[in-house]
2 protein chains.
Amino acid sequence: MSAQIEKSTGERFSEDEVLRQIEQAVLDHRLPPGTKLKEVQLANLFGVKRGLIRKVLTRLAHSRLVDQTPNRGATVARPSVKEGRDLFAARRAIESAILETLIARSDEQMVSRLRKMLEREQKAYRRGDSEKALAQSVDFHRQLAALAGNGVLEAFLNDIIRRTPLVILAHLGDEEQNRCRNREHAEIVAAIEERDTRRAVKVMHQHLLHIESKIRHKPEAQKADLATLLRPLPEATT
Amino acid sequence: MSAQIEKSTGERFSEDEVLRQIEQAVLDHRLPPGTKLKEVQLANLFGVKRGLIRKVLTRLAHSRLVDQTPNRGATVARPSVKEGRDLFAARRAIESAILETLIARSDEQMVSRLRKMLEREQKAYRRGDSEKALAQSVDFHRQLAALAGNGVLEAFLNDIIRRTPLVILAHLGDEEQNRCRNREHAEIVAAIEERDTRRAVKVMHQHLLHIESKIRHKPEAQKADLATLLRPLPEATT
DNA sequence: GATAATAAAATTGTTAACAATATATTAGTA
DNA sequence: TACTAATATATTGTTAACAATTTTATTATC
């Protein structure tokens, strides 16, 4: 039926590696919502035992990337448009709180570290590397969360970020958008430097609304073959 | 070594039931942080197979009530004081966002439903039933989250509420505190009715700070026997 | 006695075989 | 054909036996 995925080294896949591969395929829409994820099929595909696949599917179900029904197996999750909007709304709340926390304890070192991130992001989009630019952009948000120092909020944000690609139709691509994101990020850093919480929160809010307005919330989807999982996309990540 | 826990009906425990029992024991501090949770011991205790215990421990680990280390098993989690404070800080952010969302879509029916909850809470503490009063109080917060209609925020709050008992030393008990909580809840409902978001958020903030100030963040803990799990406490829940 | 090396026991991790359930196929009936 | 019932296949769920690892106990050496 379908070929096998091999590691370049010839070793066997670890649980985490299998998890990442499937997760990435889901987030890239190579495995569209509703796709049945059969245990033996996946086990053969990766050359691992079914028990391992089972654990992976359970973990994916927990992070809501996969739906599991007793005795009926797992499918790629099909989040509703409402869920997508809820995700974005929650993100605005979380990131606002992160900024408030961050600014309360910010210092020069933090600001300079953020500036370095901005530069890297800028470089990426200027040389037209949209994929990298997007990844850097996401890292900027993660970095804010890390610097804020609240592990709970950080975990929540990471959860949201992980789930987001599944609820949107396509990733943001063109250069104009990349530049725009970068400018908004810079504005946030400026507000942090001035310790202007209100402004930072306001800009972040608009930034996130802006992002949400640019994407299309994914409405419904068709079916596709599991073997499509084989080749990774040349496209972006988050 | 240790006796067996039996269901009154004589049936076998389901996975969810075992989960709840262990979770409750952890949250009641009957199983203090650091306690080793051995698979065979638990399996014998509940009269179930080891595989089921295994799944339960993994689930508990995911909700951070249990720490799992490869090849070294599971122990009751020992959250730091910082983690406790982070949890409360995150809660303030989440519940503020919930209130903002709720008020934006509130109507008469919602308000009256909340009023009913207030009454039940009041009844409980007036008749001196602290346990019930505390449970009702927690339900009030859950209800706010549900009425707000954002499933993501609701899930986050439930996660926080579930983890909270583990980071505090003891549950809030005396009648004065019960009355105080109830009064603050009433004030929040009043603000919702007037659609006064700013006030609602402010009162909620103070309410949560108040709660946090009344508890003691749990610093460290000793060891205890697993069999203590047998008898449930006569004490409160969350 | 203290420490290190070795052996024994206990504990967790994996798997192949089996059981239970759900889905697909076929046969039967109007 | 359209529908139902019966059967076969495919898929998920469970478990007992085994493997790997860690912990405890024992012995040896200083």
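All chains are named by letter (A, B, ...) in the order of the sequence lines, taking the proteins before the strands, and each is independently numbered beginning at 1. These numbers come from a predicted model, not from an experiment.
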Test side chain to side chain contact (heavy atoms under 4.5 Å, CB included) applied to B/Arg181 and B/Leu134, step by step: CA-CA 9 Å; B/Arg181 276 206 310 273; B/Leu134 180 56; 3.9 Å; yes
Separation of atom NZ in B/Lys38 from atom P in C/dG13, rounded to whole Å: 14 Å
Under 3.5 Å donor-acceptor, A/Asp107 side chain and A/Met110 backbone: yes
Protein-nucleotide distance (B/Gln68, atom CD; D/dT22, atom C1'), rounded to Å: 16 Å
Lys/Arg N to Asp/Glu carboxylate O, B/Arg59 vs B/Glu15, below 4.0 Å: yes
Rounded interatomic separation in angstrom, taking CD1 from A/Ile53 and P from D/dG13: 14 Å
Nearest-angstrom distance from the residue atom CD of B/Glu39 to C1' of C/dA10: 12 Å
Side-chain ion pair, B/Glu83 and B/Arg163, N-O less than 4.0 Å: yes
Side-chain N or O of B/Lys36 closer than 4.0 Å to phosphate OP1/OP2 of D/dT22: no
Gap separating the CG atom of B/Leu166 from the CG atom of B/Asp28, nearest 0.5 angstrom: 11.0 Å
Gap separating the CG atom of B/Asp159 from the CD atom of B/Glu154, nearest 0.5 angstrom: 12.5 Å
Presence of A/Arg72 side-chain N/O under 4.0 Å of C/dT23 phosphate oxygens OP1/OP2: yes
Rounded interatomic separation in angstrom, taking CG from A/Asn71 and P from C/dA20: 12 Å
Length of the CG-P vector between A/Leu57 and D/dT11, whole Å: 14 Å
Heavy-atom protein contacts under 4.0 Å, nucleotides 14-19 of chain C, coded B base, S sugar-phosphate only, - none: BSSB--
